[in-house]
Amino acid sequence: GNCYFYPAGSGVDFSRYMAPSNRRFMKLGGWAHGDKFIIPFWQSRTMIGQLILDDPEDGEIPSAASRCQLEEIASIAAVALRDASDLETLNQEHELLRFFADCAMTGLLVVQGQNIQYVNDQIVQLLGYKREELSSMSPWWNFVHPDDRPVIWNSAVTSPEPKTRIRVIRKDGRVLWLVTCVHPVL
C-alpha cells in the first residue's frame, strides 16, 4: 500500500510533527511506545500532507484491512485538500474579475435567465437605478425600450452581433441609446 510503519528505534524522529500523547495502548508483541504509522496524502505523485498515527486503542499494529481503510481516508483527505485549494484559487480569480468589472469604464450587466446576477457602477449610473433595484428587476429587460426588446432576445438565442444599438429607458424616463455587446458566459 501507500502507508509506512516505523517501529520504535528506527531512527526516524517524528516528535516535531506530532502532539504529545498521554495514552498508551500497548500490547506485548503489538504496538510499542514510539511506534509511528504514516499515511501520506498524494496528489499527482506529490505528497501534499500526511496522517501520522500513534497509540492504537487495541494496542495492535494496524492490520492490512485497517491500513486499507486508513489509505482510503487519506485519499478522501487529499481530494478535500485539492478541492479546498481549487476553491480558494477560484475565489481569488473571482475577486480579481469583480475588481476589474467594478473599475471598468464600460457598463457591465450579467444576466441568467430573466434575472440580473451582477451590475457594475457604470450601468447603475447609466440607468439611474439603485443596484438593488436592478438586481431585483424581473424580467431584466424591463429597462430596454419595448421596440428594442426583440433585438436583445434574438441576440441571446442566435449568434450575437459584435455590437448592437438599442434604446434603454432610465429610471427618470429619459431614453438613452447604447451600443451593446452580448457574450455568453459558460
Side-chain angles (χ1 to χ4, degrees), residues 1-8 10-25 30-31 33-124 130-140 155-157 159-160 181-186:
N2 291 321
C3 51
Y4 309 93
F5 175 71
Y6 293 95
S10 64
V12 181
D13 180 22
F14 293 101
S15 59
R16 64 183 182 172
Y17 302 112
M18 299 184 60
S21 172
N22 294 326
R23 298 177 304 142
R24 289 291 159 222
F25 300 107
W31 198 266
H33 180 73
D35 287 353
K36 300 295 180 264
F37 188 69
I38 312 297
I39 305 104
F41 301 169
W42 296 100
Q43 183 178 337
S44 303
R45 299 181 188 188
T46 302
M47 188 172 77
I48 61 171
Q50 59 190 354
L51 186 61
I52 302 177
L53 303 176
D54 71 344
D55 297 335
E57 192 170 9
D58 65 3
E60 296 288 340
I61 296 172
S63 66
S66 295
R67 289 192 301 267
C68 191
Q69 287 176 336
L70 291 168
E71 287 175 4
E72 189 172 326
I73 290 169
S75 295
I76 292 168
V79 169
L81 288 171
R82 183 199 67 220
D83 289 351
S85 175
D86 291 349
L87 184 59
E88 185 171 333
T89 300
L90 188 60
N91 284 337
Q92 290 171 351
E93 291 171 358
H94 181 259
E95 287 175 20
L96 183 61
L97 178 61
R98 183 169 286 254
F99 170 76
F100 286 128
D102 287 341
C103 295
M105 296 184 69
T106 302
L108 179 64
L109 177 76
V110 178
V111 299
Q112 183 176 20
Q114 294 186 11
N115 301 313
I116 295 174
Q117 300 297 316
Y118 171 81
V119 293
N120 70 353
D121 291 338
Q122 291 296 346
I123 212 76
V124 169
K130 293 181 181 173
R131 187 178 303 268
E132 298 78 28
E133 292 174 308
L134 287 168
S135 295
S136 64
M137 190 178 287
S138 185
W140 69 267
S155 67
V157 174
S159 299
C181 297
V182 177
H183 299 283
V185 178
L186 302 176

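The structure displayed is predicted, hence computed values, not measured ones.
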So which heavy atom on [X] is nearest to which on [Y], and how close?
X	Y	value
Leu70	Ile39	O-CG2, 3.8 Å
Leu108	Tyr118	CD2-CE2, 3.8 Å
Pro40	Ala74	O-CB, 3.8 Å
Val111	Ile116	CG1-CG1, 4.1 Å
Leu109	Val119	CD1-CG1, 3.2 Å

Check your understanding: Can you check whether Ser138's main-chain N or O pairs, donor with acceptor, with Asn115's side chain at less than 3.5 Å?
Key ->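 No, because the side chain of Asn115 does not come within donor-acceptor range (under 3.5 Å) of the backbone of Ser138.
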Point to revise | Side chain Asn120, main chain Ile123, donor-acceptor under 3.5 Å | key: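 Answer holds: yes.
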Could you pull out every donor-acceptor pair under 3.5 Å between side chains of residues 82-89 and any protein atom, sequence neighbours left out?
from  : atom 1 : to    : atom 2 : distance (Å)
Thr89 : OG1    : Ser85 : O      : 3.1

Practice item. Inspect the surroundings of CD in Gln117 and state if more than 12 heavy atoms from other residues, nucleotides or ligands are less than 6.0 Å away. Key: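 Yes, enclosed.
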